[in-house]
Amino acid sequence: RYMDAKNRKQRATLKTEDNQRLRALVDAALAADPRMARFRDEDKKKRNARRNAREEEDRKAKDAQRRAEEDAKQAAASAAVQEEEDKKRRQDAHKLFKKEQRSLKVLFKSANYFAAGASAADIAAATAKLDQILAAKTDADGLIAARTAIEAAHAAGTGAAAVDALVAEL
């Protein structure tokens, strides 16, 4: 009985060693075989393909989002610049309008309100006509046209008639 147990134990040990030797031999053969290396590489590529595709999609999505954010920032910046330019244009137009109003008032004053006499009633009537012209002309171009027409008529000596004609047109 003792010998049987000893032999069983020895056979188990030898079997384990032989299995280890065979496993090492098979592993060495698999490692040296180029076909097996190619199969492992293809398998690794298949496994990583899904992950690489996912990473590529994530990268593309992030790039698209970044580009969209940059485009939005550029659009906002260009809109701000455009708004600033529009505001400046409106301010310049308003300044020109006010300048033309002042120049028309100065023209009336320097021409003695185109009144034949210097009576207060004549000056009041001329001032009322000036107010009508200023109220009717709401843009700088209209005021420029009116001022140039009145100046030309005043230089020709018919300023009062030009003012009356302009008021009649309104």
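- Salt bridge R59/E55: absent, no basic N to carboxylate O contact under 4.0 Å.
- In terms of heavy-atom proximity, E151 sits nearest to L107 at CG-CD2, 3.7 Å.
- In Q91, the CD atom is crowded: over 12 heavy atoms of neighbouring residues, nucleotides or ligands sit closer than 6.0 Å.
- D71 has no carboxylate O lying under 4.0 Å from a charged side-chain N of R67, or vice versa, which leaves the two without a salt bridge.
- Taking the charged nitrogens against the carboxylate oxygens, R89 and D86 do have a contact shorter than 4.0 Å, which makes a salt bridge.
- Nearest heavy atom pair, residue A146 against residue K137, reads CB-CE, 4.4 Å.
- The pair K62-E57 does not meet the salt-bridge criterion, since no charged nitrogen lies less than 4.0 angstrom from a carboxylate oxygen.
- For the pair L143 and Q101, the tightest heavy-atom approach, listed with the atom from each and the gap, is CD1-CG, 3.5 Å.
- The two residues A153 and A162 have their closest heavy-atom pair at CB-CB, 3.2 Å.
- Scored by the side-chain contact (heavy atoms from CB on, under 4.5 Å) test, K45 finds no partners at all (sequence neighbours excluded).
- Cluster annotation: I150 and F97 are assigned to the same hydrophobic cluster (Ile/Leu/Val/Met/Phe/Trp/Tyr, side-chain heavy-atom contacts under 4.5 Å, transitive).
- A distance of 9.5 Å separates CD of E169 from CD1 of I133, quoted to the nearest 0.5 Å.
- Screening L134, D141, I144 for a side chain to side chain contact (heavy atoms under 4.5 Å, CB included) involving E100 leaves a single residue, I144.
- With rounding to the nearest 0.5 Å, the separation of CG in D63 from CD in Q65 is 10.0 Å.
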**From CA spacing to verdict: salt bridge (charged side-chain N to carboxylate O under 4.0 Å, His left out), E69, K73** = CA-CA 6 Å; E69 289 173 358; K73 285 180 184 177; 5.7 Å; no
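- Contact of the L130 side chain with the V163 side chain is not registered, since no non-hydrogen atoms from C-beta on lie closer than 4.5 Å.
- Every side-chain contact (heavy atoms from CB on, under 4.5 Å) that Y113 has, sequence neighbours left out, goes to F108, K109, I123, A126, T127.
- When hydrophobic clusters are built by joining Ile, Leu, Val, Met, Phe, Trp and Tyr residues whose side-chain heavy atoms come closer than 4.5 Å, directly or via intermediates, M36 is grouped together with V26.
- The CZ atom of R54 sits 9.0 Å away from the CG atom of N52 when rounded to the nearest 0.5 Å.
- Annotation: side chain of K87 is in contact with side chain of R90 (closest heavy-atom distance under 4.5 Å).
- Note on residues 20-34: pairs passing side-chain hydrogen bond (donor to acceptor under 3.5 Å, both in side chains), not counting sequence neighbours, are D18-R21, R23-D27, D33-R35.
- Within the model, atoms CZ of R102 and CG of L104 stand 12.0 Å from one another, a figure rounded to the nearest 0.5 Å.
- Side-chain N or O atoms of D43 include none that pairs as donor or acceptor with a backbone N or O of F39 at under 3.5 Å.
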